[in-house]
Amino acid sequence: MGTIGATLARAGRRFVSSLPALFGVLVFTFLLMRVLPGDPAVFFASGPNAGQEEIEVIRRQLGLDKPLPNQLAIYLADVARGNLGRSMMTGQAVAKDLKERLPASLELTLTALLIALVSAVPLGVVAALRPGSLLDHGVRLFCSLGVCVPTFVSGLLLIYVFYYLLGFAPDPTGRIDIFTTLPPSRTGFLLIDFLLAGDLDGWSAAARQLMLPAFTMALFVIAPLARITRASMLVSLGSDFIRTARSVGLSWWRIVVTYALRNAVLPVITIAGIVFSTMLGANVLVEKVFSWPGVASYALDALLVSDYAPVQGFVLLMATIFVIVNLLVDLLYGIADPRATVA
């Protein structure tokens with residue numbers, strides 16, 4: 001109970017210390033959007049040939065006619081009230097758009113991270129148990145290829161092989177095919193909503209639709225996870241406590257799993273947290289290739305038309321998720337290694 005309390009207290013201190021960073025993200029994103037080229041009033045006034053009067057009307061509606069400090073003060077006050085503004089692109093509140101699209105991105109990213117962890121940790125452990133062997137070289141070659149190939153190339157390659165040539169995968173557009181009836185939306189996660197509705201055929205269709213984009217994202221992050229696992233396992237296997245465990249006659253399997261892997265998993269947890277945050281914000285190419293209706297593609301579409309509010313809302317959302325993920329990593333650290341709560 002004392003360890004859990006210390007871990008929660010440390011996570012709470014980390015959250016409070018991250019609030020200035022979130023405020024900085026708010027201000028920086030606001031200023032960055034104003035200095036980028038492009039005038040949203042011109043675009044949304046029906047194009048560059050619109051009359052000046054029409055453009056000025058749109059500019060007043062967006063509040064762009066006010067001095068920049070006033071715009072910033074209004075924006076910060078709105079965010080404090082939970083109002084992220086309205087998207088000119090969709091005509092809806094940004095908070096509503098993000099709420100509708102975030103489950104799609106989270107479902108894709110979490111599935112990809114799960115695939116990457118299930119693949120990378122065993123690869124890293126196996127490579128560390130046979131350093132310098134043919135198996136070790138093979139793992140490192142696979143990791144190098146995974147990093148070198150861009151995600152949109154690997155995505156197109158997977159589509160070509162598994163959809164076009166072999167016909168295993170469904171039409172790689174969207175979260176579900178047009179012939180499947182959507183379940184009642186309860187969580188926004190299709191895999192969960194189909195299970196709650198008891199529709200196993202729908203669940204299978206959603207899972208098959210998810211596999212290609214998830215594997216595309218996973219291929220790119222298997223390499224850093226496998227490499228950090230291999231390096232951590234090598235350090236752990238060369239430690240004094242491993243030699244002591246061998247000297248007292250413990251089984252090799254118990255030494256590897258119980259002692260070496262438990263100590264090696266701490267840096268893997270840290271990297272996994274960073275990788276998850278990066279994947280969630282940077283998966284725009286995968287979402288575009290597979291027409292996935294997530295928040296990253298939503299922000300990119302808004303950026304292309306200089307729609308300020310969705311981009312600012314997206315960046316704030318990503319920063320908040322990054323903070324939450326770091327807090328979860330702190331909690332997992334405390335569980336995996338209680339000594340971390342002492343610091």
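Note: hydrogens, waters and symmetry copies are ignored here, and every other heavy atom, side chains too, is used. All figures in this text were calculated on a predicted structure; none of them were measured in a lab.
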Once you round to the nearest 0.5 Å, how far does [atom1] of [X] lie from [atom2] of [Y]?
{"X": "W292", "Y": "L210", "atom1": "CH2", "atom2": "CG", "value": "4.5 Å"}
{"X": "Y164", "Y": "L157", "atom1": "OH", "atom2": "CG", "value": "14.5 Å"}
{"X": "L129", "Y": "M233", "atom1": "CG", "atom2": "CE", "value": "5.0 Å"}
{"X": "D97", "Y": "R86", "atom1": "CG", "atom2": "CZ", "value": "9.0 Å"}
{"X": "I192", "Y": "S185", "atom1": "CD1", "atom2": "OG", "value": "11.0 Å"}
{"X": "L108", "Y": "Q209", "atom1": "CG", "atom2": "CD", "value": "11.5 Å"}

When you compare the side chain of [Y] with that of [X], does any pair of heavy atoms fall below 4.5 Å?
{"X": "Y298", "Y": "P310", "answer": "yes"}
{"X": "L141", "Y": "V139", "answer": "no"}
{"X": "I321", "Y": "F276", "answer": "yes"}
{"X": "F189", "Y": "D193", "answer": "no"}
{"X": "L84", "Y": "L316", "answer": "yes"}
{"X": "Q71", "Y": "L64", "answer": "yes"}
{"X": "L219", "Y": "L158", "answer": "yes"}
{"X": "F142", "Y": "L123", "answer": "yes"}

Spell out, yes or no, whether [X] and [Y] are grouped together once hydrophobic residues are joined by side-chain heavy atoms under 4.5 Å, including indirect joins.
{"X": "M279", "Y": "V118", "result": "no"}
{"X": "L200", "Y": "F179", "result": "no"}
{"X": "V57", "Y": "Y308", "result": "no"}
{"X": "F322", "Y": "L110", "result": "no"}
{"X": "F168", "Y": "L156", "result": "yes"}

ask   = Considering residues at least two apart in sequence or located in another chain, which fulfil the ring pair (Phe, Tyr, Trp, His ring centres under 6.0 Å) criterion with F194?
value = none
request  = Output all residues satisfying ring pair (Phe, Tyr, Trp, His ring centres under 6.0 Å) with Y75, sequence neighbours left out; order by chain, then residue number.
outcome  = F30
Does any N or O in the side chain of [X] come within less than 3.5 Å of the main-chain N or O of [Y], such that one atom is a donor and the other an acceptor?
{"X": "S247", "Y": "T244", "result": "yes"}
{"X": "T29", "Y": "L26", "result": "no"}
{"X": "S133", "Y": "R130", "result": "yes"}
{"X": "D78", "Y": "N83", "result": "no"}
{"X": "T111", "Y": "E107", "result": "yes"}
{"X": "S239", "Y": "F241", "result": "no"}
{"X": "R34", "Y": "L68", "result": "no"}
{"X": "T229", "Y": "G124", "result": "no"}
{"X": "S105", "Y": "V295", "result": "yes"}

query = Checking salt bridge (charged side-chain N to carboxylate O under 4.0 Å, His left out) for the pair K288/D301: CA distance, chi angles, key distance, verdict?
reply = CA-CA 10 Å; K288 280 297 179 187; D301 292 339; 2.7 Å; yes
Residue pair [X] / [Y]: nearest heavy atoms and the distance that separates them:
{"X": "A299", "Y": "V311", "answer": "O-CG2, 3.9 Å"}
{"X": "T320", "Y": "L22", "answer": "N-CD2, 3.9 Å"}
{"X": "P293", "Y": "R175", "answer": "CD-CG, 3.5 Å"}
{"X": "V268", "Y": "A264", "answer": "CG2-O, 3.6 Å"}
{"X": "I228", "Y": "I271", "answer": "CG1-CG1, 4.0 Å"}
{"X": "A128", "Y": "L234", "answer": "O-CD2, 3.5 Å"}

So for atom [atom1], which belongs to [X], do other residues, nucleotides or ligands contribute more than 12 heavy atoms lying within a distance under 6.0 Å?
{"X": "W253", "atom1": "CH2", "answer": "no"}
{"X": "L166", "atom1": "CG", "answer": "yes"}
{"X": "F220", "atom1": "CZ", "answer": "no"}

task = Give the intermediate values and the outcome of side-chain contact (heavy atoms from CB on, under 4.5 Å) for residues K66 and R60.
result = CA-CA 8 Å; K66 296 181 174 61; R60 283 196 294 276; over 6 Å; no
ask   = Should F152 and V286 be marked as a side-chain contact (heavy atoms from CB on, under 4.5 Å) after you check the CA-CA gap, both sets of side-chain angles, and the distance that decides it?
value = CA-CA 6 Å; F152 71 93; V286 176; over 6 Å; no
query = With distance as the sole criterion, is a donor-acceptor pair present between the side chains of T180 and D177 under 3.5 Å?
reply = yes
inquiry  = H137 vs R140, test: side-chain contact (heavy atoms from CB on, under 4.5 Å). Steps then yes/no.
reply    = CA-CA 5 Å; H137 290 301; R140 284 192 284 175; 3.2 Å; yes
inquiry  = Set out, in order, the CA-CA distance, both residues' side-chain angles and the distance that settles side-chain contact (heavy atoms from CB on, under 4.5 Å) for F290 and T216, then state yes or no.
reply    = CA-CA 10 Å; F290 291 93; T216 301; 3.6 Å; yes
query = Tell me the salt bridge (Lys or Arg N to Asp or Glu O under 4.0 Å) pairs involving residues 226-248, sequence neighbours left out?
reply = D136-R230, D240-R243
